[in-house]
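Everything below concerns the one structure shown next.
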Number of protein chains: 2
Amino acid sequence: MRKLRRHSEVPEATIHRLPRYLEKLKLLQAIGVEDVSSRQLAESLDIKASQLRHDFHYFGGFSRPGRPYQVGKLVPALETIIGVSEPQPVAIIGAGHLGQALANYANMDVQGFPVRGVFDANPRLVGLEIRGQPVRDMDSLEDVISQEGIRIAILTVPAQFAQSVTDRLVKAGIVGIVNFAPTDLKVPKTVAVRNERLAVGIMALSFKVKCILEGDCGIE
Amino acid sequence: MRKLRRHSEVPEATIHRLPRYLEKLKLLQAIGVEDVSSRQLAESLDIKASQLRHDFHYFGGFSRPGRPYQVGKLVPALETIIGVSEPQPVAIIGAGHLGQALANYANMDVQGFPVRGVFDANPRLVGLEIRGQPVRDMDSLEDVISQEGIRIAILTVPAQFAQSVTDRLVKAGIVGIVNFAPTDLKVPKTVAVRNERLAVGIMALSFKVKCILEGDCGIE
DNA sequence: AATCGGGTGTCAACCGATTGACAGGCGGCG
DNA sequence: CGCCGCCTGTCAATCGGTTGACACCCGATT
């Protein structure tokens, strides 16, 4: 990696592709592939090779020119760029069905995001064990976050509680929030939020489905 | 709604905003709001008013010019456009934690997507009741889909089974798939797929978090 | 040693999406 | 009645992302 430009210059669209690159590269690594050309990698991800090179270009010099990328170099480089070169502990707030699903989501650890705290306000859920972790009472939120050095929280509480929980998280020093509640959160500019809205996904799909069923899609 | 252009001309980015418009408008409707200007609506969604008008412009004539939008007109119009003017039954394939979370996801029905079939290959899960619905054996997949007229499937099976299940779904007449498996599915062009990759979301967030922690974000 | 095939880095053209500007409609008020 | 403020529909300018083209590099092969 030659020279890292300021992160702020990396376009949003590129950022969203980085995890996919990493994912695929880890897969290749696992099956013993050492070299991979931009074309191979791009095709397997269904994107254009020029785009992939363009993306990598933001970070510069992953390969000696004229030679394909070396998986063994690329993986740690991408991990560093993305920020998972060492495990990022995360907290899950809300141990409802979705929260439990995520806490159980096998790859969480493997992907570099070990779950270090699951919280819920419902006393009935508190104490329950999920993947060897107890569901904790919301009271301990701040303590656990600071003790474990957690920077990222996953929010799976009902929409009506999302904002107040968020405020607590921000105060407790959380820097990034993955928000599954169907609400827009208000946070200071120093906190990053990513909204995962399940319902939006299925509706956008529904539009296309309608489109297909009505033969209205531009496929002649 | 004056004159509907071909759906294929509606930009992707607009499509992804439509569900958010609908969501917010339903909310407004619920609290009795009748009129809403593009500025109000846009601000509450954190987008520019001009963009909102531009989006609506693809479908034309939601309001008499010079007058604000009427919530009561807009909601059904959007529902028709998105394709949820009548309930779209969906199937969930894979009754693991994520599948169960989605099946339980309260708003599914309300959003216009009643779950009409939950399937799993694991005999231990088959028969389990989720929200009054039994988990069914994969054997009955095709039958249920055709009997219930299901067009949309939500895929929450492990990655290794995703493609073979997809092939069955396509054969059974499914037209849209929301894919939660971390794999790219191969489908005919007449089937729409939307990938929801949970891990990608958290990684993209991690990049920004790193960015914030390193003071490298362009915020001077 | 020269050549060839395949590779990356880089740039400029292209394309789609966002934004700002403004013409024209409507209702309320003096 | 005429004006004023607020509104939408629409278009043009702008911005960001994608794509294709090409210069240059490398190792293998003749």
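All figures in this text were calculated on a predicted structure; none of them were measured in a lab. Letters A, B, ... are given to chains in the order of the sequence lines, protein chains preceding strands, and every chain is numbered from 1.
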Within the structure, does a side-chain N or O atom of His57(B) lie under 4.0 Å from either OP1 or OP2 of dT10(D)?
yes
Distance check: side-chain N/O of Arg67(B) vs OP1/OP2 of dG5(D), anything under 4.0 Å?
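Answer is no, no contact under 4.0 Å.
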In whole angstroms, how far is the [atom2] atom of [N] from the [atom1] atom of [X]?
X: Gln51(B); N: dC15(D); atom1: CD; atom2: P; result: 16 Å
X: His16(B); N: dG16(C); atom1: NE2; atom2: P; result: 16 Å
X: Leu74(B); N: dG9(D); atom1: CG; atom2: C1'; result: 15 Å
X: Glu12(A); N: dT18(C); atom1: CD; atom2: P; result: 13 Å
X: Arg39(A); N: dG20(D); atom1: CZ; atom2: P; result: 13 Å
X: Leu52(A); N: dG7(C); atom1: CG; atom2: C1'; result: 13 Å
X: Phe59(A); N: dT10(C); atom1: CZ; atom2: C1'; result: 16 Å
X: Asp55(B); N: dT10(D); atom1: CG; atom2: P; result: 14 Å

Does a side-chain N-to-carboxylate-O contact under 4.0 Å join Lys73(B) and Glu34(B)?
no
Assess whether a salt bridge exists between Lys208(A) and Glu12(B), defined as any Lys/Arg side-chain N lying under 4.0 Å from an Asp/Glu carboxylate O.
yes
Say whether, by atom type as modelled, one donor and one acceptor occur between the side chain of Ser206(A) and the main chain of Ile202(A) under 3.5 angstrom.
no
Check: Asn195(A) side chain, Arg197(A) main-chain N or O, donor-acceptor pair, under 3.5 Å
no
Is there a donor-acceptor contact under 3.5 Å linking the side chains of Tyr21(B) and Asp55(B)?
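Yes, Asp55(B) and Tyr21(B) have a side-chain donor paired with an acceptor closer than 3.5 Å.
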Just wondering, are more than 12 heavy atoms of other shown residues or ligands nearer than 6.0 Å to CD in Glu142(B)?
yes
Does CD in Gln160(B) sit with more than 12 non-hydrogen atoms of other residues, nucleotides or ligands closer than 6.0 Å?
yes
Residue [X], side-chain heavy atoms: nucleotide from [options] that is nearest:
X: Tyr69(A); options: dT19(C), dT8(D), dT8(C); result: dT8(C)
X: Pro68(B); options: dT19(D), dC7(D), dT18(C); result: dC7(D)
X: Ala13(B); options: dG20(C), dT18(D), dT18(C); result: dT18(C)
X: Ser50(B); options: dG9(D), dG20(C), dT10(D); result: dG20(C)
X: Ser38(A); options: dG9(D), dT8(C), dT18(C); result: dT8(C)
X: Arg53(A); options: dC22(D), dG9(D), dT18(D); result: dC22(D)

Between Lys48(A) and Ser37(B), just flag the one whose closest nucleotide in DNA chain D comes earlier from the 5' side.
Ser37(B)
Angle between the end axes of the helix from dA1(C)-dT30(D) to dG30(C)-dC1(D), five pairs per end, to the nearest 10 degrees?
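Taking the rotation axis at each end, their angle is 20°.
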